[in-house]
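Step one of this worksheet: look at the structure below.
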Amino acid sequence: MGRYVIRRLLQMIPVFIGSTFLIFVMVYALGDPVAALFGDRAPDPATAAQIRRDLYLDHPLWQQYLHYMGQIFQGNFGTAFDGESVLSLMAGAWPLTLRLTIVAIVVEAVVGVVLGLLSGLRRGRTVDSGVLVLTLIVVSVPTFVSGYVLQYLFGVRWNVVPPSVSPGAPLNQLILPGIVLALVSLAYVTRLTRTSVAENHRADYVRTATAKGLPRHTVVVRHLLRNSLIPVVTFIGTDIGALMGGAIVTERIFNIHGVGYQLYQGIVRQNSPTVVGFVTVLVIVFLLANLLVDLLYAVLDPRIRYA
Amino acid sequence: MSTLLEVTDLHVEFRTRDGIAKAVDGVSYAVQAGQTLAVLGESGSGKSVTAQAVMGILDSPPGRITAGRIAFHGQDLLTMPERERRAVRGARMAMIFQDALSALNPVLSVGHQLAEMFTTHRGTSRKDARAKAVELMDRVRIPAARQRAGDFPHQFSGGMRQRVMIAMAIALEPELVIADEPTTALDVTVQAQVMDLLAELQREMDMGLILITHDLGVVADVADHIAVMYAGRIVETAPVHRIYAAPAHPYTKGLLESIPRLDRKGRELYAIKGLPPSPHHVPPGCAFNPRCPLARDRCRTEQPPLYEVAAGRTSACHYWHECLHGTRDSGTPEGAGR
Ligand SMILES: Nc1ncnc2c1ncn2[C@@H]1O[C@H](COP(=O)(O)OP(=O)(O)OP(=O)(O)O)[C@@H](O)[C@H]1O
Ligand SMILES: [Mg+2]
């Protein structure tokens, strides 16, 4: 197991370098950050050159990249052009997004698994068809639509929650955004659980469990669900990274100054250090989440052994 | 000797897309305490479904018991409330499945799966149940039981896995064990060992046993009674030694003649011609008539009842007399419809 983890960590290095380099190229090479800084005005050439030197922009791209990565690993993510350090932006943004993601994951896991289990156990009945229709609707409505609609209904119309989240983003205010963020994944978790439960429902070991005289809930939870959740847990694990990155829309709608919000700001303002910095951390989160999933997989399914 | 289990006129249907399949169509059999009933019959004849109905583990839907009575110690299981039924299941009657690899839960340790019997039915603490699980594994002679209790099913060999299944079935010393082809999935070399273990445990614990099998060789050694099934019905029941000497149904006869025997070496093996009917299209009259060498017009229209052939022997053949009394090896019987 230990060797497997080390090997996986080593394998992550090229992936990390590849993906961050791509992002770096796209952000720095395809735009002119200095021009962007000055907006519509044409910059004074001397000043521009000075800034380029300061920002290490006068070196070849690969040197810029190496320099940048070197800085990152010393904990220096650079400064956004407005002078605020990217690190302090992160310190403000990541906790918010993390909290939002946790709310979303909990919603997606709990509601998705319960709905999936119910419809999986009652295949073809009303519950099943109802859930199917519901999940189809949820999947086909884009987040910005469902987000604004729910915000309008709960925040404006019925006044249950404040329509936009206050700066501290207390947990209770994150519930609605969390649900919005989770919706699409929730539908997937439901479908996945349903399929998995339906598939395992007729499995021999479930019949054995019944033949042992176990009460129905033990058969369902300990034997059926325990097996059926293996692919679901995998999906939820890989979804962590997707949710964090995908929170852009949700965070915009509910005015949460998290990772998605900062990324969005960074992009519209062509604020390269912000974009590259945040995305780099996102890449790391993605990779670690995937590793976690693989390890979890071995815990959940003893037939899988990593050598 | 008391009657442990008595199945009377059991009917089980499966409602599928192709229509209604009568998988079990009026089966009756009985098991005496401490005795072994062997259930024989081709694939699809309803042996397993009958067993599942007895255990109360039928897939329903689509399966449904439409008629019949299953009496355990004289008490009808089919009218029993589910709670009471559950207390019987596993504790007083238990089942051994054919393929232990798929019948055991892949993600729980065998120790856990064995211990579950005690925690559920006896309210034993986890720790004590675990100790009992190890004892059980010892009892079915799994080497290094203590160390292996934490292992998962896939880590055992086929024979050891089937021993785990057996351990699970005998955990609470049930009065009745149903073994559904317990050795079919095993290597020939370990089949005998597993069968011997089962027979030995049965003697020690004085359990009633329903042994579903294709292996007529095994039947002769361990069974007291035989019930032969065909297309969802019992076609013959008899004490084991009698049936080998003189079968009272042409289907049984065909089965017996299809086993290789030393004293008939060199002769071509007899195989029953044709295929068993689909449960959706059972032929009218005697279901066996299209394949039967004795069949005549009556067989195609009139379904034979179970005739009492001798004390404790029944046969569902209009012409059981002919079958029983010496037409063996005599070529085509007179009047055969060809
Ligand atoms: N869950 C099910 N759904 C639909 N039909 C079923 C189901 N289980 C059994 N059957 C049908 O019932 C009939 C009897 O099956 P059963 O499993 O009892 O046969 P068997 O005698 O045990 O055969 P084998 O020797 O192959 O185990 C078969 O025709 C089968 O198609
Ligand atoms: Mg069977």
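Throughout, a chain's letter reflects where its sequence line sits, starting with A, and its residues are numbered from 1.
Both the backbone and the side chain of B:A103 come within less than 4.5 Å of a heavy atom in chain A. A:L300 touches chain B through its backbone: at least one of N, CA, C or O sits under 4.5 Å from a heavy atom, while the side chain does not. Neither the backbone nor the side chain of A:A203 comes within contact range of chain B; no heavy atom of the residue lies under 4.5 Å from a heavy atom of that chain. Only the backbone of B:L104 comes within contact range of chain A, with at least one heavy atom under 4.5 Å from a heavy atom of that chain.
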Side chains of residues 282-292 of chain A: which donor-acceptor pairs under 3.5 Å do they make with residues two or more places apart or in other chains?
residue, atom, partner, partner atom, Å
A:N290, ND2, A:F286, O, 3.3

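Counting non-hydrogen atoms of neighbouring residues, nucleotides and ligands closer than 6.0 angstrom, the CZ atom of B:F156 exceeds 12 such neighbours.
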Which donor-acceptor pairs fall under 3.5 Å between chain A and chain B:
residue, atom, partner, partner atom, Å
A:R202, NH2, B:P61, O, 2.7
A:D204, OD2, B:S102, OG, 2.7
A:Y205, N, B:S102, O, 3.2
A:R207, NH2, B:D59, OD1, 3.1
A:R207, NH2, B:D59, OD2, 2.7
A:T208, OG1, B:A103, O, 2.6
A:A211, O, B:G90, N, 3.3
A:K212, O, B:H121, NE2, 2.6
A:K212, NZ, B:Q113, O, 2.7
A:K212, NZ, B:E116, OE1, 2.7
A:R222, NH1, B:E116, OE2, 2.5
A:H223, ND1, B:N105, ND2, 2.9
A:H223, NE2, B:E116, OE1, 3.1
A:H223, NE2, B:E116, OE2, 2.8
A:N227, ND2, B:N105, OD1, 2.9

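Closest heavy-atom contact between B:P106 and A:P302: O-CG, 3.4 Å.
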